[in-house]
Colleague: 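This is the structure I want to talk about, given as structure tokens.
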Amino acid sequence: MSTHLSDQEIVRREALQRIREMGIDPYPAPTYPVNTLSSAIRTSYDPDNNPLPDVCLAGRLMQVRVMGKASFAELQDAGGRIQLYVNRDELCPGDDKSFYNEFFKKLLDIGDFIGVRGHVFTTQTGELTVHVQSLTLLAKSLRPLPVVKTDAEGQVHDAFTDPELRHRQRYVDLVVNPGVRETFLRRSRMIQEMRNCMLESGFLEVETPVLQPLYGGALARPFKTHHNTLDTTLYLRIANELYLKRLVVGGFDGVFEFAKNFRNEGMSRFHNPEFTLVELYVAYKDCYWMMDFVEAMIERVALALHGDTRVTVGEKIIDFKRPWKRYTMAEAIQIHTGTDIRHLDENGLREAARRMNIETDASMGKGKLIDEIFGAAVEPLLIQPTFITDYPVEMSPLAKRHRDHDGLVERFEVICNAKEIANAFSELNDPLDQRERFEDQIKLGLRGDAEAMMLDEDFLRALEYGMPPTAGVGIGIDRLAMIMTNQDSIQEVIFFPQMRPERHAEVED
RNA sequence: GAUCUCGUAGCUCAGCCGGUAGAGCAUUUGACUUUUAAUCAAAGGGUCAUGGGUUCGAGUCCCAUCGAGAUCACCA
């Protein structure tokens, strides 16, 4: 394979060779006795009581300022950056100064992994610094990193900003953009907090199939694949709902799964083809119990991440403090449009949508029409976390019929920052009703709704054995992470967002 | 899928009405034993995304393709 090397890459390969010629292994055996992090030095150093005589740390060399026979450098480790002070005659006590003059000054590059041992002191200008006694190359870097500099006023210069490069080479993004690292740490803490919350409530974390012979549990178009040995079509799951409910049938009273789901639909700053959803099912509870649980869990997440229930998102402040506002879907539509949809039939709804300049088509049934009106006229206005309840039965084929209102189901969504972040039901456990709902979906499919559900005989068989009354919820992790990390694009909260494959230069041989 | 914008050095960006390819940082060489966007002196570095076209002449104008971003559609 022929690759074009830039002059800087050629220089680094030559340096690698010269390092080997000096008898230094550029990729030595991996243990290095690290005993601290730069962040720990920063918090624990006290020049009077705790001089930190022997620190050993490792990381990437990110900047070198050679001052003749002494040099300053910056080392970046998992705790941040710390300055190094390197003195020629201390690094090379004998007559041979080549380790400093040749190796340190000429053959080390920005991005190289090094380990240093020394003591901590403060320079004349007040900078916390490791006075290096010994220095070890741990891994040579052959490609130049973007050099991002921050000046005394905190202004960042030459930031690495191209979204295509940042997302394709997330490893570089993480090295040079500290805020990116912080975003993903925060996402991880968010998931951890939710997991702890559910585990502490006694629920069981489980895993269910990604490859499914029938896709179900959501309204979406799937990815299709093929199993060679079985010679059969399989689908990547669009949801894990039907499998988690099978586990409730089997006697687990509370189960949850952080699940990667796959939906073969458009990509945008709110949509990645694979995304993470946590689903939780709890037996002997209903969706009203689940409202309280979700409210408490997300308030807890906000407090854990920000120390406050208020979270800044763009220009807005979103407050997760309980209790959140609760409206039925019809109430929310009436409040924001002035139209009472409660007694409208399909034609009346179509007419109402037309008056609001909302496009409709012939495949839309009554439920879909209400959903369209809500999505276009109400959802964009809901910034603070808000529960919307009492959805039409037509658009909720897995939810239990409302105990008090015909034509509605026991369901809620949480809308926050104009997007759905959670969706929950009192789960439908009447197997005969469930069969009819699937059959209605098939009719919708025949009308042209590409997202209508398939009939899952095995799931119906499970329900026929009996499922206890159960509350279930799905919470969009990526969407919630966007809010909790103040990011306006889903690609900023997914390490490796889906992108078109890179086209490499033609390879000849 | 539609529309608009963008693609120039390792990174960030200039490049006017079409006339020899530019800067800062990075790199290389030299100076400097407490600097910090280190500084000073010098040098090297480009298939201007790709392919066509118009033109005496294209980074610049036109067309197509590839990639990215934004808005819209679909969805979570």
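Every chain is numbered from 1 and lettered A, B, ... according to where its sequence line falls, protein lines coming before strand lines.
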Colleague: Please report the distance, rounded to the nearest Å, between CZ in A:F262 and P in B:A76.
Modeller: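 A:F262 atom CZ is separated from B:A76 atom P by 17 Å.
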
Colleague: Looking only at atom C1', what distance separates B:U27 and B:G45, rounded to whole Å?
Modeller: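 To the nearest whole Å, 8 Å.
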
Colleague: Over how many whole Å does the gap from A:M267 atom CE to B:A76 atom P extend?
Modeller: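 These atoms are roughly 17 Å apart.
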
Colleague: Where do A:P497 and A:Q491 come nearest, in terms of heavy atoms and distance?
Modeller: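 Minimum heavy-atom separation between A:P497 and A:Q491: CB-CG, 3.3 Å.
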
Colleague: Figure out the NZ/P separation between A:K419 and B:A76, and round it to whole Å.
Modeller: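 The distance from NZ of A:K419 to P of B:A76 comes to 10 Å, rounded to the nearest Å.
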
Colleague: Judged by each residue's nearest nucleotide on RNA chain B, which is more toward the 5′ side, A:R65 or A:D478?
Modeller: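 Nearest-nucleotide comparison on RNA chain B picks A:R65.
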
Colleague: Heavy atoms only, 4.0 Å cut-off, all strands: where does A:R143 land among base, sugar-phosphate and nothing?
Modeller: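 Here A:R143 touches no strand at all.
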
Colleague: Could you measure between the two P atoms, the one in B:C56 and the one in B:U65, and give it in whole Å?
Modeller: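 Each nucleotide's P atom is 28 Å from the other's.
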
Colleague: When you check the side-chain N and O atoms of A:S6 and A:E9, is any donor under 3.5 Å from an acceptor?
Modeller: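 Yes, because at least one side-chain N or O of A:S6 sits under 3.5 Å from a partner of the opposite role on A:E9.
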
Colleague: Between atom CZ in A:F160 and atom P in B:A9, what is the gap in whole Å?
Modeller: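 That distance rounds to 14 Å.
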
Colleague: As a test of understanding, state which of A:E274, A:E257, A:E207 forms a salt bridge (Lys or Arg N to Asp or Glu O under 4.0 Å) with A:R237.
Modeller: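 Single pass found, and it is A:E257.
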
Colleague: Distance between the C1' atoms of B:U12 and B:C4, in whole angstroms?
Modeller: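 Roughly 25 Å separates the two C1' atoms.
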
Colleague: Is there ring stacking between A:H157 and B:A37, where the centres must be under 5.5 angstrom apart and the planes under 30 degrees?
Modeller: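 Yes, the aromatic ring of A:H157 stacks with the base.
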
Colleague: Work out how far the P atom of B:G67 is from that of B:G18, and round it to whole angstrom.
Modeller: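 That atom pair is separated by 31 Å.
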
Colleague: Is there a donor N/O on one and an acceptor N/O on the other, under 3.5 Å, for the side chain of A:T161 and the base of B:U12?
Modeller: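 Answer is no: no donor-acceptor pair is held.
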
Colleague: If you take atom types as modelled and just measure distance, does the side chain of A:N87 reach the base of B:U33 with a donor-acceptor pair under 3.5 Å?
Modeller: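 Pair found.
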
Colleague: I'd like to know if A:E420 reaches the base of B:A76 with its side chain, counting only an N/O donor and acceptor under 3.5 Å.
Modeller: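 No such pair is found, so the answer is no.
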
Colleague: Less than 3.5 Å between a donor and an acceptor, one on the side chain of A:Q83 and one on the base of B:U35, is that the case here?
Modeller: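 Such a pair exists between side chain and base.
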
Colleague: May I ask you to verify whether the side chain of A:D158 and the base of B:G24 hold a donor-acceptor pair under 3.5 Å?
Modeller: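 Side chain to base: pair found, below 3.5 Å.
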
Colleague: Determine the interplanar angle of the A:Y85 and A:F72 rings, folded into 0 to 90°, and report it as parallel if under 30°, tilted if 30 to 60°, perpendicular if over 60°.
Modeller: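 Ring orientation, 0 to 90° scale: tilted.
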
Colleague: Mind checking the C1' distance from B:G10 to B:C16? Whole angstroms is fine.
Modeller: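 To the nearest whole Å, 28 Å.
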
Colleague: Would you mind reading off the distance between A:K260 atom NZ and B:A76 atom P, rounded to a whole angstrom?
Modeller: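 In whole Å, B:A76 P lies 18 Å from A:K260 NZ.
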
Colleague: Roughly how many Å apart are B:A31 and B:C13, using the C1' atom of each and rounding to a whole number?
Modeller: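 The answer is 31 Å between these two C1' atoms.
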
Colleague: In whole Å, what separates the C1' atom of B:A2 from that of B:U50?
Modeller: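 Nearest-Å result for B:A2 against B:U50 at atom C1': 24 Å.
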
Colleague: Please determine which of A:K400, A:K245, A:R411 meets the side-chain hydrogen bond (donor to acceptor under 3.5 Å, both in side chains) test together with A:E427.
Modeller: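 The single option meeting the side-chain hydrogen bond (donor to acceptor under 3.5 Å, both in side chains) with A:E427 is A:K245.
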
Colleague: Is B:C17 in the syn range, within 90° of 0, or in the anti range?
Modeller: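 Glycosidic conformation of B:C17: syn.
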
Colleague: Expressed as a whole number of angstroms, how long is the span from A:K69:NZ to B:C32:P?
Modeller: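 The distance from NZ of A:K69 to P of B:C32 comes to 5 Å, rounded to the nearest Å.
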
Colleague: Using atom C1' in both nucleotides, what's the gap between B:C74 and B:C6 to the nearest angstrom?
Modeller: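 Rounded to whole Å, the distance is 26 Å.
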
Colleague: Run the side-chain hydrogen bond (donor to acceptor under 3.5 Å, both in side chains) check on A:N417 and A:R479 step by step: do they pass?
Modeller: CA-CA 10 Å; A:N417 205 27; A:R479 293 273 175 88; over 6 Å; no

Colleague: Are A:F270 and the base of B:A76 stacked, counting only ring centres nearer than 5.5 Å and planes tilted under 30°?
Modeller: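 Aromatic stack with B:A76 absent for A:F270.
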
